[in-house]
Amino acid sequence: MEFRLVFTAVVILIILFPHIRWFSKRLILKNKIKKLCIRNSYIIYPTHKLWFLGSKSSKNCDFYIETENQIFSVKLFGVLRRNSYLIFKEEGGYFIRGLLALVSRGWAHILTFEGKLKQLPVYNFKYKYMNEWENKSIRQILLVNPVPMDFRYQTKHGCEINISAGEFIKGMEINSLSNFLKVLK
């Protein structure tokens, strides 16, 4: 009886771990962004109450940060598992490639699992946009948090190119939290 209970608890923990990680990373994101905004006298404008829990499927941006000369319109996009690649396709979709390493007696083999191809929504980066911001330049940020191991861009012919934080895809600047905080400083 005890074995089943322990086994069930371990299985539940393994299943929930990515979600717990995701939630804790988002709480860290919220605190770091708020601290940086206070320190630099920037103003943060959430577009909904739980702005830091924004999902990749909702089409509206999650928050704005107003600096002296710019408005950062930010849409949150998260990946559950760190051991994966986020791959954007030239045609506008994306998928996640998961990795699983099998190690035994001095050898290792990496298995890859292709996720389902999903259409990247056309995000509304001017949701609840204020007229007072018209004189400032706007930067459309797709903030990936938690981040995967790597970002890639796949062409129509199947070639994959590594992309780094700060590069543009479909008019959006792809960023990780650490790179975004550097840009804000």
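- Atom-to-atom distance recorded for Ile44:CD1 and Phe63:CZ is 5.0 Å, nearest 0.5 angstrom.
- Counting heavy-atom neighbours within 6.0 Å of Lys170 NZ, excluding the residue itself, gives a total above 12.
- In this structure, CZ on Arg97 lies 3.5 Å from CD1 on Ile87, to the nearest 0.5 angstrom.
- Atom CD of Glu134 has more than 12 neighbouring heavy atoms from other residues, nucleotides or ligands inside a 6.0 Å radius.
- Side-chain N or O atoms of Lys25 include none that pairs as donor or acceptor with a backbone N or O of Pro146 at under 3.5 Å.
- The hydrophobic cluster containing Val79 also contains Tyr94, counting ILVMFWY residues as joined when their side-chain heavy atoms lie under 4.5 angstrom apart, directly or transitively.
- Glu167 and Ser164 form a side-chain donor-acceptor contact under 3.5 Å, judged by distance and modelled atom types alone.
- Put simply, the side chain of Ser137 never gets that close to the backbone of Gln70: no donor and acceptor are under 3.5 Å apart.
- Within the 4.5 Å cutoff, the side chain of Leu76 has heavy atoms near those of the Leu29 side chain.
- A cation-pi arrangement is not found for Arg26 relative to Phe52, the charged atom failing to lie both closer than 6.0 Å to the ring centre and inside a 45° cone about the ring normal.
- Contact of the Ile163 side chain with the Arg152 side chain is not registered, since no non-hydrogen atoms from C-beta on lie closer than 4.5 Å.
- Using a 4.5 Å heavy-atom cutoff, the side chains of Leu99 and Tyr85 are in contact.
- Rounding to the nearest 0.5 Å places CG of Leu80 at 7.5 Å from CD1 of Ile96.
- Atom CZ of Phe7 has 12 or fewer neighbouring heavy atoms from other residues, nucleotides or ligands inside a 6.0 Å radius.
- Rounded to the nearest 0.5 angstrom, Ile28 CD1 and Leu177 CG are separated by 9.0 Å.
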#### Entry: side-chain contact (heavy atoms from CB on, under 4.5 Å) assessment of Phe125 paired with Met172
CA-CA 9 Å; Phe125 285 98; Met172 302 175 289; 3.6 Å; yes
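- Using a 4.0 Å cut-off between charged side-chain N and carboxylate O, Lys75 and Glu173 make no salt bridge.
- Between Arg139 and Val183, some side-chain heavy-atom pair lies under the 4.5 Å cut-off.
- Taking both residues in full, the closest heavy atoms of Asn179 and Gly166 are given as ND2-N, 3.8 Å, listed atom of the first, atom of the second, then distance.
- Shown here for Ala165 and Asn175, the closest heavy-atom pair between the two residues is CB-OD1, 3.9 Å.
- You'll find the side chain of His48 reaches within 4.5 Å of the side chain of Asp62, heavy atoms only.
- No donor-acceptor pair closer than 3.5 Å links the side chain of Glu160 to the backbone N or O of Tyr153.
- The side-chain heavy atoms of Ile33 and Leu181, taken from C-beta on, include a pair separated by under 4.5 Å.
- For the pair Ile174 and Phe168, the minimum side-chain heavy-atom distance is 4.5 Å or more.
- Follow the hydrophobic side-chain contacts under 4.5 Å out from Ile20 and you never reach Ile14; the two are in separate clusters.
- In this structure a side-chain-to-backbone donor-acceptor pair under 3.5 Å is present from Tyr64 to Tyr127.
- The cationic group of Lys56 lies under 6.0 Å from the six-membered ring centre of Phe77 and within 45° of the ring axis, placing it in a cation-pi geometry.
- Classification of Glu66 and Lys136 as a salt-bridged pair holds, one side-chain N sitting under 4.0 Å from a carboxylate O.
- When hydrophobic clusters are built by joining Ile, Leu, Val, Met, Phe, Trp and Tyr residues whose side-chain heavy atoms come closer than 4.5 Å, directly or via intermediates, Tyr123 is not grouped with Ile71.
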### Task
Test side-chain contact (heavy atoms from CB on, under 4.5 Å) on Trp133 and Ile138 and set out the steps.
CA-CA 8 Å; Trp133 296 340; Ile138 184 169; over 6 Å; no
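- Here the straight-line distance linking atom CG of Leu117 with atom CD of Glu91 works out to 8.0 Å at 0.5 Å rounding.
- Within the model, atoms CG of Leu36 and CD1 of Ile65 stand 7.5 Å from one another, a figure rounded to the nearest 0.5 Å.
- Looking only at distances, no side-chain donor or acceptor of Arg21 sits under 3.5 Å from a matching main-chain atom of Arg81.
- The aromatic rings of Phe88 and Phe151 are tilted relative to each other, their planes meeting at an angle between 30° and 60°.
- Between the Ser84 side chain and the Gly98 main chain, no donor and acceptor come within less than 3.5 Å of each other.
- Counting all heavy atoms, side chain and backbone alike, Val147 lies closest to Val144 at CG1-O, 3.0 Å.
- Between the side chain of Asn60 and the main chain of Asn124, no donor-acceptor pair closer than 3.5 Å is present.
- Using a 4.5 Å heavy-atom cutoff, the side chains of Tyr45 and Trp51 are not in contact.
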### Task
Could you walk me through whether Phe95 and Lys116 pass side-chain contact (heavy atoms from CB on, under 4.5 Å), step by step?
CA-CA 6 Å; Phe95 65 95; Lys116 183 178 160 188; over 6 Å; no
### Phe17 and Trp22: CA distance, side-chain angles, deciding distance, ring pair (Phe, Tyr, Trp, His ring centres under 6.0 Å) verdict
CA-CA 9 Å; Phe17 179 75; Trp22 181 89; over 10 Å; no
